[in-house]
Amino acid sequence: MIEVAQISDPRAAGAFARPRQRSIVLALIGQERSPSELSALTGSRLNLLHHHLGKLVALGLIHVAREQRRGGRAVKYYRATAKAFSIPAELMTAPIDGDLAGQLRERLEFSRMRTVQGVVYSWENGGPSIRLIHDPASRLSGSELWLELRLTAAEAATLTEQMSALLRPFYGRSVEAGERYIVHTAIAKADS
């Protein structure tokens, strides 16, 4: 197995921008899995999974590692073609996660609304006022934090490392480990 595959094909690089295809490739790094195992791990329907497996094989990102004979058709076991994949900056595209971003926005809003008993509309201090009445018995199952920080380049690098270190222990946990959460974290230099 190749240690690091250097991606030069824009179509192969694009597979890493698609959450489902990326998750399939990552699930196959260092181990063989059958389509049914991948289906359980990624939550993808088998027919859709077979479609993506065919594309990923054609792109050279995964291969059929072995076939296991059984009564009917043999079961194929897939494996990633490398332990890591390196994509040059000119081929990198933003993840196509509109569906994930939409799900995150929807779930944050749902979480917030579950903690609200109602809304009070009034006129206070010479102007209209809208105030949410929170239910003290409910617990927020999502959170969102937006900050503008003043950091040196070294502090920004440290913050980036710390955010990555914070999330790393939770990445790649199995389906059995708990409920599914969508996490988004970002840091970028703002225009001055």
Side-chain angles (χ1 to χ4, degrees), residues 1-7 9-87 91-114 139-144 163-186:
M1 173 182 281
I2 300 169
E3 283 295 318
V4 180
Q6 302 295 327
I7 302 297
D9 181 352
R11 294 170 301 151
F16 287 92
R18 292 177 179 81
R20 182 167 284 129
Q21 290 182 357
R22 181 178 59 241
S23 69
I24 292 168
V25 174
L26 295 177
L28 294 172
I29 289 177
Q31 56 191 329
E32 300 173 357
R33 294 186 194 268
S34 69
S36 60
E37 290 171 329
L38 282 167
S39 177
L41 187 66
T42 64
S44 297
R45 294 184 323 269
L46 272 174
N47 60 346
L48 181 60
L49 189 63
H50 281 291
H51 168 77
H52 288 297
L53 289 170
K55 285 188 170 198
L56 295 169
V57 166
L59 292 170
L61 299 173
I62 65 171
H63 65 98
V64 177
R66 67 182 170 96
E67 291 188 28
Q68 183 177 339
R69 297 280 172 212
R70 62 176 188 164
R73 193 178 344 163
V75 176
K76 293 180 181 179
Y77 284 78
Y78 295 86
R79 188 180 192 109
T81 55
K83 292 181 181 178
F85 296 88
S86 177
I87 301 171
L91 294 182
M92 288 174 35
T93 58
I96 302 168
D97 64 356
D99 61 332
L100 216 57
Q103 286 179 45
L104 176 60
R105 180 70 33 225
E106 178 184 305
R107 298 313 301 169
L108 284 169
E109 193 58 33
F110 179 75
S111 175
R112 262 193 293 269
M113 293 314 293
R114 284 185 40 206
R139 216 176 87 187
L140 199 61
S141 63
S143 66
E144 186 172 31
M163 289 188 321
S164 179
L166 175 69
L167 297 174
R168 194 173 299 117
F170 301 99
Y171 185 75
R173 291 179 67 187
S174 70
V175 176
E176 299 84 33
E179 296 181 52
R180 183 175 167 261
Y181 283 81
I182 301 168
V183 177
H184 171 89
T185 182

Which pairs, with at least one residue in residues 37-56 and sequence neighbours excluded, count as a salt bridge (Lys or Arg N to Asp or Glu O under 4.0 Å)?
-> none
Evaluate the side-chain proximity of L56 to L28: yes if any heavy-atom separation is below 4.5 Å, no if none is.
-> no
Set of side chain to side chain contact (heavy atoms under 4.5 Å, CB included) partners for E3, sequence neighbours left out | K83
Minimum-distance pair of heavy atoms, taken over all atoms of I7 and A13 | CG2-N, 3.6 Å
Separation between CD1 (I24) and CG (L53), nearest 0.5 Å, reads 5.5 Å
Provide the closest heavy-atom pair for S86 versus V4 in the form atom of the first, atom of the second, distance.
-> CB-CG1, 3.8 Å
For atom CZ of R11, decide whether the heavy atoms of other residues, nucleotides or ligands shown that lie under 6.0 angstrom number more than 12.
-> no
Which atom pairs, one a donor and one an acceptor, fall under 3.5 Å between side chains of residues 69-82 and the rest of the protein, sequence neighbours left out?
residue	atom	partner	partner atom	Å
R70	NE	R73	O	2.8
Y77	OH	Q68	OE1	3.0
R79	NH2	G30	O	3.2
T81	OG1	G60	O	2.9
T81	OG1	L61	O	3.1

Here the pair of heavy atoms bringing R33 nearest to L38 is CD-CD2, 3.8 Å
Please list, chain by chain and in numerical order, all residues satisfying side chain to side chain contact (heavy atoms under 4.5 Å, CB included) with L46, sequence neighbours excluded.
-> P35, S39, L49, H50
Those residues at least two apart in sequence (or on a different chain) that pass side-chain hydrogen bond (donor to acceptor under 3.5 Å, both in side chains) with E67 are none
Residues in salt bridge (charged side-chain N to carboxylate O under 4.0 Å, His left out) contact with R20, at least two apart in sequence or another chain = none
Answer whether the closest heavy-atom distance between the side chains of H52 and L48 falls below 4.5 Å.
-> yes
Looking only at non-hydrogen atoms, find the nearest pair between A165 and P169 and report the distance.
-> O-CD, 3.1 Å
